[in-house]
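Here is the structure we will look at, set down as structure tokens.
Just so it is clear: chains get the letters A, B, ... in the order the sequence lines come, proteins before strands, and each one is counted from 1.
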Protein chains: 2
Amino acid sequence: MGQFSDKKGGLATQRHTGRRQVLSVIRDAGQIARIDIADKISGSPATVTAITAELLAEGLIEEHTPETPPSGSPRGRPRVALKIRGAAHMLAGIKVAAHAISVCFLDFEGQEAGQFEAEMPKPALSAPELVAFLDETLRKACEKIGVPLARLSGVGLGVAGIIDAPRGLVYWSPILTARNVPLRDLLAARLPMPVFIDNDANLVAKAEQLFGEGKGVRDFIVVTIEQGVGMGIVIDNRIYRGTRGCGAEFGHTKVQLDGALCRCGQRGCLEAYVADYALLREAGTLNLPDSPTAHARLDTLFQAAKDGDEAAGLIFHRASRMFALGLANIINIFDPALIILSGERMKFDYFYAQEVLDAVKSSVLQIDAPLPDIRIHKWGDLMWAKGAAAYAMEEVSDMSVQEMGKDVG
Amino acid sequence: MGQFSDKKGGLATQRHTGRRQVLSVIRDAGQIARIDIADKISGSPATVTAITAELLAEGLIEEHTPETPPSGSPRGRPRVALKIRGAAHMLAGIKVAAHAISVCFLDFEGQEAGQFEAEMPKPALSAPELVAFLDETLRKACEKIGVPLARLSGVGLGVAGIIDAPRGLVYWSPILTARNVPLRDLLAARLPMPVFIDNDANLVAKAEQLFGEGKGVRDFIVVTIEQGVGMGIVIDNRIYRGTRGCGAEFGHTKVQLDGALCRCGQRGCLEAYVADYALLREAGTLNLPDSPTAHARLDTLFQAAKDGDEAAGLIFHRASRMFALGLANIINIFDPALIILSGERMKFDYFYAQEVLDAVKSSVLQIDAPLPDIRIHKWGDLMWAKGAAAYAMEEVSDMSVQEMGKDVG
DNA sequence: AAATTTATTTTAAAGATCAAATTAAATCAA
DNA sequence: TTGATTTAATTTGATCTTTAAAATAAATTT
């Protein structure tokens, strides 16, 4: 029989791992023939036939026959491509930020199936308020997009703050007035499908891994700058979370002894130099035209710096040097193959201006081997929600793969 | 048959993983009965019987019958304990430092089988000189301890500096005059057994994992302070090495923008505040009695600080604050369960004085979950060599486990 | 000495994979 | 159009591995 028993956190059965591998290879490839799958997993065609037959029967994958037979095809029996069957599952991803909430629907293939956005009623809510609001928003989104709630196989939830993903716990979040909220279970109690929750930066990492620059990269790190500074660590294709589930707090890495005051109450955090509020705090002492929103004020400040305002320039200059320092530390510690600077705020090019990259490079240990690749990926707000949905997709995929022989009765 | 084929870096066979697990459980436990192994690996007693029979036949393990049958034993057939057979393999570990070289012999059970120390001929050697010296020293050690060289199944080598362990390459080391030396292969060419090489801090981590505070801990971090500052990262029971094999350069983490000059040529490295040379550099401006060796001068400085010398005290004070800052960063990034401060230099208690630990705690993100455990482990120079031998032991163990059915032909 | 208890081994059955043989589905060549 | 050729996928039979259940072993208890 399979390899050892499957109870508890025990070992996977033999077939189980095979199924997981095959599904993963198909997902990676988009579409791929059985014989190529066999090649990729170093298994025999016979095994692949057996496994894919199961997956086909369960509706997780499907054969993909192109309408127009490709001309100039080689002799021999043509390979028939297999692909994930999008209709197998529908997933929702929700990203909650201070002012807005966004929902994204993804089918099992990773195709976007709709999106929905709404305002937050107030910047910080109590736990019951937030749960009710999430529930309500998800139902509204389902209605608007035309997907019955019951159709969803899973919901991924991304929240800014300090999250223990495995336990579904929000230690602290700017959008919650309470601490230590078991948000996952609270929401799951109101919904008929499993709920998964994670730190928003980890979800960006997930999105990058599945749809973005991190595709096919085994170890990489994602850094985001928005309200705060976030980091997602991917090691060995999996998100690294630390023991308490709350590692990767790059933003609260100290870059200066007794430095600037951070909103976390400590001093010298990177965030206290580069996050929105840190820049605006310093801009307060400047004589800039007033703007209604923080976003607009930030734009004004950036424009002033670009136009040669020396004080404004100095604000960005210091921020970027601190950012470079923090980034160099990450490289020295992890030696990753790739660092992705992700998020909308990357439009402030001071963060990735050549001089910053140069500063990073000169602060990294010098050896005769290529430096890690640093890539910028600006993409919109939707990405966060998409990452949340992708997170749910992965979890549900894992669950599906394990459900074998269940319908034998 | 087993799970997929075994070619290249492909997947392990089914039995292969079983063997590896059983051996690992036995090693962890010291001695353990078959039925308990079955329990631990969530397998059946029958399987354990099969696997242990193989391992017994190959001489990798042995039954351990206590001379005195334990009184007050329960009814029923008594369980017979299995243990690693020490005589199965003999391993050597070598640690090369600036002034001394130490060799440690370990049997397959992890029992120390002898040690040997020698002076380095000069502080920095050329690659051929070092290889010849290592070869010579190992042979001398064998002679002294009475182990024929051919008896060794593997040699582990620990070198300070920047090492790419998988490739066996020394990018840079204070003991080598050249850069990018393929030291592993150079030494292996002169010896009849496999050679493994790693950064010395990783070897301390390995020693802690097998014999020290890291026993049974899945994720932990080891920090050492000696000539430089080193770090070993254990994630998921394995040493994390980064893509170029040279991650975990904690010592060159920047703790101050444009800070103190480091021997690596950059500014603001942690090492430039807390390593031996950094302290002595500052001590130079003090009026302290001269001492012949660096070691002695450091002792003098430390004593002066303890005796109330304000300037000396300030040197240590700053070093310890910087150290706390660096440590807090590690915790914020990794959220490890355990941090081990390891090495002889821990005798300077400023590094782990309560106030440093307090500073770390107050610089770490505050959430309602227990802080990582920080433990001090002072142990002698031999540990490094022991870690090197342990590294070789693990590698050889893995090789042994894979050699199955080889003697059937 | 028999009954009981627990550990280990043996046995027989069931999964899972793979090599080899077979079948399927195309192109190529006449 | 037909048969040869080629490549993909499936089927078959053998082998390996694990496991449940039965048998055996080795102790204690009665």
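Checked by atom type and distance alone, the side chain of R184(B) never pairs as donor or acceptor with a backbone atom of I197(B) at under 3.5 Å. Checked by atom type and distance alone, the side chain of D107(A) pairs as donor or acceptor with a backbone atom of E109(A) at under 3.5 Å. D219(A) places a side-chain N or O within 3.5 Å of a backbone atom of D236(A) that can act as its donor or acceptor partner.
In this entry the distance linking CG of D39(A) with C1' of dT7(D) reads 14 Å, nearest Å. We find that CZ of R19(A) is positioned 15 Å from P of dG15(C), with the value rounded to whole Å. Atom P of nucleotide dA16(C) and atom CD of E54(A) are separated by 7 Å, given to the nearest angstrom. One atom, NE2 of H16(A), and another, P of dT18(D), lie 18 Å apart when rounded to the nearest Å. dT6(C) atom P lies 14 Å from atom CG of D36(B), rounded to whole Å. Here the P atom of nucleotide dT17(D) and the CD atom of Q21(B) are 15 Å apart, to the nearest Å. Across the protein-nucleic acid pair, I41(A) atom CD1 and dT17(C) atom C1' stand 10 Å apart, rounded to whole Å.
Taking only side-chain nitrogens and oxygens, T47(A) never comes nearer than 4.0 Å to OP1 or OP2 of dT17(C). Side-chain nitrogen and oxygen atoms of R34(B) include at least one within less than 4.0 Å of the OP1 or OP2 phosphate oxygen of dT9(C). The phosphate of dC16(D) (OP1 or OP2) has no side-chain N or O of R15(B) nearer than 4.0 angstrom. Distances shorter than 4.0 Å separate none of the side-chain N or O atoms of R77(A) from OP1 or OP2 on dT6(D).
Here dA25(C) is the nucleotide among dA25(C), dT10(D), dT18(D) with the atom lying nearest to any side-chain atom of P78(A). Of the candidate nucleotides dT12(D), dT8(C), dT19(D), dT8(C) has the atom nearest to the side chain of V80(B). Listed nucleotides: dA9(D), dT8(C), dT11(C). Nearest to the side chain of T49(A): dA9(D).
Heavy atoms of V48(A) sit nowhere under 4.0 angstrom from any nucleic acid atom. P45(B) comes within 4.0 angstrom of a nucleotide base, judged by non-hydrogen atoms across all strands.
Two residues, T52(B) and G76(B), neighbour DNA chain C, and the one matched to the more 5' nucleotide by heavy-atom proximity is G76(B). Nearer the 5' end of DNA chain D, as judged by each residue's closest nucleotide, is the contact made by R75(A), out of I35(A) and R75(A).
A centroid separation of 6.0 Å or more is found between the aromatic rings of F334(A) and F220(A).
Counting heavy atoms from C-beta outward, L210(A) and E394(A) have side chains that approach closer than 4.5 Å.
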